[in-house]
Amino acid sequence: MQQVQEFLRQSLKIRNLHLFFPKVIGCICAILLVIIIIQRLIRCIRTGTPFINLKGYHFFDEGCDKLKLFGSLALTIGYLIALPVLHFVNASMIFIFLFGVLFDYNREKGFSFMSVLISAIIAVAGSWLTWYLFFQIFNITLP
């Protein structure tokens with residue numbers, strides 16, 4: 001119990017607060033993963049089907065937009081790499097804008113000026129408001 005209290009005391013220092021929440025989210029995701037696996041196991045036992053059945057399995061549905069999937073993965077990795085270099089506000093503005101442009105892109109129509117402008121406004125306003133809310137009002141540091 002003392003180890004848990006010491007861990008919380010060290011983790012909840014103001015300068016380390018931005019490191020605490022990813023650990024909490026990671027634990028929640030791990031618990032949810034275990035619940036999903038248990039539910040799948042119970043369903044497979046009841047129906048008599050194998051736990052992993054790859055026969056006739058397709059990862060991508062027909063007509064799926066792979067550009068958005070792989071673009072999102074690339075932008076997420078880029079954001080994580082850029083975050084320590086550019087810091088929260090600058091990296092967030094850039095990557096929120098890029099996500100907005102990526103998800104608005106239409107193969108037939110391309111980009112529209114208005115959607116790019118709206119993405120830019122959301123990126124700037126959202127990043128600054130998030131920073132102001134957490135750093136100034138709640139006194140929580142951001143990476």
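Just so you know, residue 1 is the first one in the sequence shown, and it goes up from there. These figures come from a predicted structure and were not determined experimentally.
One distance of note links CD1 of Ile81 with OG1 of Thr76; it measures 11.0 Å at 0.5 Å rounding. Here the straight-line distance linking atom CD1 of Ile42 with atom CD1 of Ile38 works out to 7.0 Å at 0.5 Å rounding. How far CG of Asn90 is from CG of Leu83: 10.5 Å, rounded to the nearest 0.5 Å. Annotation: the span from Ile36 atom CD1 to Arg40 atom CZ amounts to 11.5 Å, rounded to 0.5 Å. We find the CD1-CG distance between Ile94 and Leu75 to be 11.5 Å, quoted to the nearest 0.5 Å. The structure places SG of Cys27 at 11.0 Å from CG of Leu32, a figure rounded to the nearest 0.5 Å.
Under the 4.5 Å side-chain heavy-atom criterion for Ile, Leu, Val, Met, Phe, Trp and Tyr, Ile45 and Ile37 are members of the same hydrophobic cluster. Hydrophobic clustering places Met93 together with Tyr132 (ILVMFWY residues linked when any side-chain heavy atoms are closer than 4.5 Å, directly or through intermediates). No path of Ile, Leu, Val, Met, Phe, Trp and Tyr side chains, each step under 4.5 Å between heavy atoms, connects Ile122 with Val124, placing them in separate hydrophobic clusters. Both Ile121 and Met114 belong to a single network of hydrophobic side chains, linked directly or stepwise wherever heavy atoms of I, L, V, M, F, W or Y lie under 4.5 Å apart. A single hydrophobic cluster is seen to contain both Phe103 and Leu98, as judged by linkage of ILVMFWY side chains at heavy-atom distances under 4.5 Å, directly or through other members.
The closest side-chain heavy-atom distance from Ser127 to Ile96 is below 4.5 Å. For the pair Thr130 and Phe88, the minimum side-chain heavy-atom distance is below 4.5 Å. Annotation: side chain of Val101 is in contact with side chain of Phe97 (closest heavy-atom distance under 4.5 Å). A 4.5 Å side-chain heavy-atom check between Cys44 and Asn53 finds every atom pair outside the cut-off. By the 4.5 Å heavy-atom criterion applied to side chains, Leu67 and Leu102 are counted as neighbours. The closest side-chain heavy-atom distance from Phe99 to Ser119 is not below 4.5 Å. Contact check for Phe70 versus Leu73: side-chain heavy atoms found under the 4.5 Å cut-off.
Heavy-atom contacts from other residues, nucleotides or ligands closer than 6.0 Å to CZ of Phe113 number 12 or fewer.
The minimum heavy-atom distance between Asp104 and Ser112, with the atom names listed, is OD2-OG, 4.2 Å.
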>> For Ser115 and Tyr105: C-alpha separation, side-chain torsions, deciding distance, then whether side-chain contact (heavy atoms from CB on, under 4.5 Å) applies.
In response: CA-CA 9 Å; Ser115 66; Tyr105 177 72; over 6 Å; no
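Note: Trp131 and Trp128 have perpendicular aromatic rings, judged against thresholds of 30 and 60 degrees for the angle between ring planes.
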